[in-house]
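Okay, so here's the structure we're looking at.
The figures that follow rest on heavy atoms only: side chains count, while hydrogens, waters and symmetry mates do not. Note that this is a predicted model, so its numbers are computed, not measured.
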Amino acid sequence: MSTWLLPRSELTAEQLRAIELPHADHQVIFGAPGSGKTQILLHRAAELRRRLGSADGRFRILVYTNVLKTYIRSALELLGLPERAVTTFDDWCKVFYEHHISPCVPWDAAAKRPDFDAIRRAVAQKIISGSVPLPLYDFVLVDEGQDLEPASFDMLRRVARHVTVCLDHKQQIYERGSNEADILAALGLRQRNLTLLDAYRCSPYVARLAAQWLQDPAERERYLRQVRTEQTERETPLLYEAASFEDEKRRLTEVLRQRLLTDQRVAVLFPLRRQVFGFAKSLTAAGIEIETQENLDFGSCRPKLITYHSAKGLTFDSVLLPRLVTESFPRTSADRQRRLLFVAVTRATRWVYLSTVADGTLPLLADLRPLVSERVLTAQRPGQVPGKSAPISSVAKEASGLDFL
């Protein structure tokens, strides 16, 4: 049974309103991290299946990553939804291609995988040609809609009688994607149908840390006003400046062990895929059982090691963010770095740990200076680390200016 999907009886009135939106027209739902977009989509799938009497093969829930697909599938038993209903958009296109165009899909020899760009284009042409009887589905629901290209929504409105899209433009971290205007235009809508005004997932400390990566002051203020979770714990996020890479690995291992003693769901997120497997080897050697994005089981309590990109849409009690150094973000603009960090931080509900190394600190960490003086963030160096995360006051004198940034 899922540990993250709430029963319908525990959802808010606003979330229930989103689930019960009419299906005569397409729907676009906007919501900040923690507002329950993924919860809403699963319950809406069950609602529309009941309302329309849809057979299991007559609807789809589309996501962008395989990790989010696995995460959502781990909760389907509660609602009696079939696993095959949840898939990535690219996998859906590949299956469509094999069934309606050719069993031999285009291949990207360099990447050693199907050529998904060519597949998408061919599928779009086939759908537009009218040679396939449409619609294929009673409804299609899309999570993290900002990650799909505009042409994707034109396809979906043709293959389904109804489309519901959940999105948050602040979390658009892929090179290609859609803004809200693109999605509305593709679906023939003038404006979003509903905005989820409250974010319940992130604690105020976590939300305040995440908001620091939003450059627009008005957008930052709107996001912070949405946070409704009561601060029940006084543990502030922690930023650790390691003396070396080896010191950073050592401290991460200590922190991870501390988190596991509290029976928390923990994720360790990395900017680069190769870092996932390097740290997985190190933590396994230290005697910590972990899972990477290659073998995730969301029913287990083992820490998950995944990339920022693969963590989209997921939720954990604590999130650890090591390797916040310049070399971890090659050819990445400062604006995109901020969006990546916003997404990474907002995966946590209770606590966030960040670490960097003295001789390679990511320049954007300077954005966090105000949080130390505001007692929202604890900053530590080797020799300052107590048995658990210290209250900000214990290091404020030395770290109040975050001079190591």
Side-chain angles (χ1 to χ4, degrees), residues 32-34 64-65 144 146-147 149 167-182 199 202 205-224 226 237-242 245 248 267-276 306-314 319-348 352-374 376-379 381 399-405:
Y64 197 72
T65 69
E144 302 290 339
Q146 71 279 350
D147 293 328
E149 297 175 290
L167 75 147
D168 177 12
H169 66 85
K170 296 188 295 300
Q171 298 186 63
Q172 186 174 343
I173 61 176
Y174 290 93
E175 293 294 346
R176 295 181 295 183
S178 301
N179 58 38
E180 186 178 348
D182 292 331
C202 297
Y205 279 153
V206 172
R208 184 67 183 84
L209 176 61
Q212 205 65 15
W213 305 120
L214 299 176
Q215 286 191 285
D216 183 346
E219 184 174 55
R220 181 184 301 173
E221 184 60 30
R222 283 195 299 272
Y223 169 63
L224 289 174
Q226 289 178 302
L238 171 62
L239 171 61
Y240 179 68
E241 185 212 25
F245 177 49
E248 183 180 29
V268 188
L269 306 185
F270 299 89
L272 301 174
R273 186 179 178 85
R274 66 173 181 267
Q275 295 168 335
V276 171
I306 49 183
T307 63
Y308 292 1
H309 290 84
S310 294
K312 289 288 293 294
L314 309 187
V319 167
L320 316 184
L321 305 177
R323 303 308 293 150
L324 296 179
V325 293
T326 302
E327 66 184 47
S328 293
F329 298 86
R331 301 179 299 281
T332 305
S333 68
D335 178 65
R336 189 155 177 262
Q337 288 177 26
R338 288 187 176 92
R339 283 184 279 127
L340 285 165
L341 289 166
F342 177 82
V343 167
V345 168
T346 54
R347 299 312 91 203
V352 176
Y353 169 82
L354 312 96
S355 69
T356 185
V357 177
D359 61 358
T361 298
L362 186 70
L364 279 186
L365 292 181
D367 292 354
L368 303 183
R369 285 194 180 101
L371 301 187
V372 176
S373 58
E374 294 172 23
V376 173
L377 176 69
T378 298
R381 287 172 168 165
S400 61
L402 265 71
D403 58 296
F404 61 79
L405 300 180

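The shortest side-chain heavy-atom distance between Leu209 and Leu368 falls under the 4.5 Å cut-off. Counting heavy atoms from C-beta on, the side chains of Leu341 and Tyr308 come closer than 4.5 Å. Residues Tyr174 and Thr65 have side chains in contact (heavy-atom distance under 4.5 Å, counting atoms from C-beta outward). Taking 4.5 Å as the limit, every side-chain heavy atom of Val345 sits out of range of all side-chain heavy atoms of Pro33. Ile173 has its side chain out of reach of Phe342: every pair of non-hydrogen atoms, C-beta onward, lies at least 4.5 Å apart. At least one side-chain heavy atom of Ile306 sits under 4.5 Å from a side-chain heavy atom of Leu269. Annotation: side chain of Phe245 is in contact with side chain of Arg323 (closest heavy-atom distance under 4.5 Å). In this structure, Phe329 and Leu340 have side chains that are in contact, with non-hydrogen atoms separated by less than 4.5 Å.
In this structure, NZ in Lys312 is found 9.5 Å from OG1 in Thr346, a value given to the nearest 0.5 Å. To the nearest 0.5 angstrom, Leu321 atom CG is 5.0 Å from Leu354 atom CG. Separating the CZ atom in Arg339 from the CD atom in Gln215 is a distance of 10.0 Å, to the nearest 0.5 Å.
Gln172 and Asp147 make their closest contact through CA-OD1, 4.2 Å (heavy atoms, listed as atom of the first residue, atom of the second, distance). Closest non-hydrogen pair, Ala32 versus Gln226, comes out as CB-OE1, 3.2 Å. Contact between Ala334 and Leu364 at its shortest, heavy atoms only, is O-CD1, 3.6 Å. Pro370 approaches Ala366 most closely through the heavy-atom pair CD-O, 4.4 Å. Nearest heavy-atom pair, Ala210 versus Tyr223, reported as atom, atom and distance to 0.1 Å: CB-OH, 4.1 Å. Residue Ser355 comes nearest to Pro322 through the heavy atom pair OG-CA, 3.2 Å, listed as atom of the first residue, atom of the second, then distance.
Listed for the Gln146 side chain is no donor-acceptor partner under 3.5 Å among the backbone atoms of Gly177. No side-chain donor-acceptor contact under 3.5 Å links Arg381 to the backbone of Glu241. Here the side chain of Arg338 pairs no donor or acceptor atom with the backbone of Leu214 at under 3.5 angstrom. Put simply, the side chain of Thr356 gets close to the backbone of Leu324: a donor and an acceptor are under 3.5 Å apart. Between the Ser328 side chain and the Pro271 main chain, no donor and acceptor come within less than 3.5 Å of each other.
Partner of Val268 under the side chain to side chain contact (heavy atoms under 4.5 Å, CB included) criterion, out of Leu320, Val276, Val319: Leu320 alone.
Considering only residues two or more places apart in sequence or on other chains, Arg331 meets the side chain to side chain donor-acceptor pair (under 3.5 Å) condition with none of them.
Of the N and O atoms on the side chains of Gln212 and Arg208, at least one donor lies less than 3.5 Å from an acceptor on the other residue.
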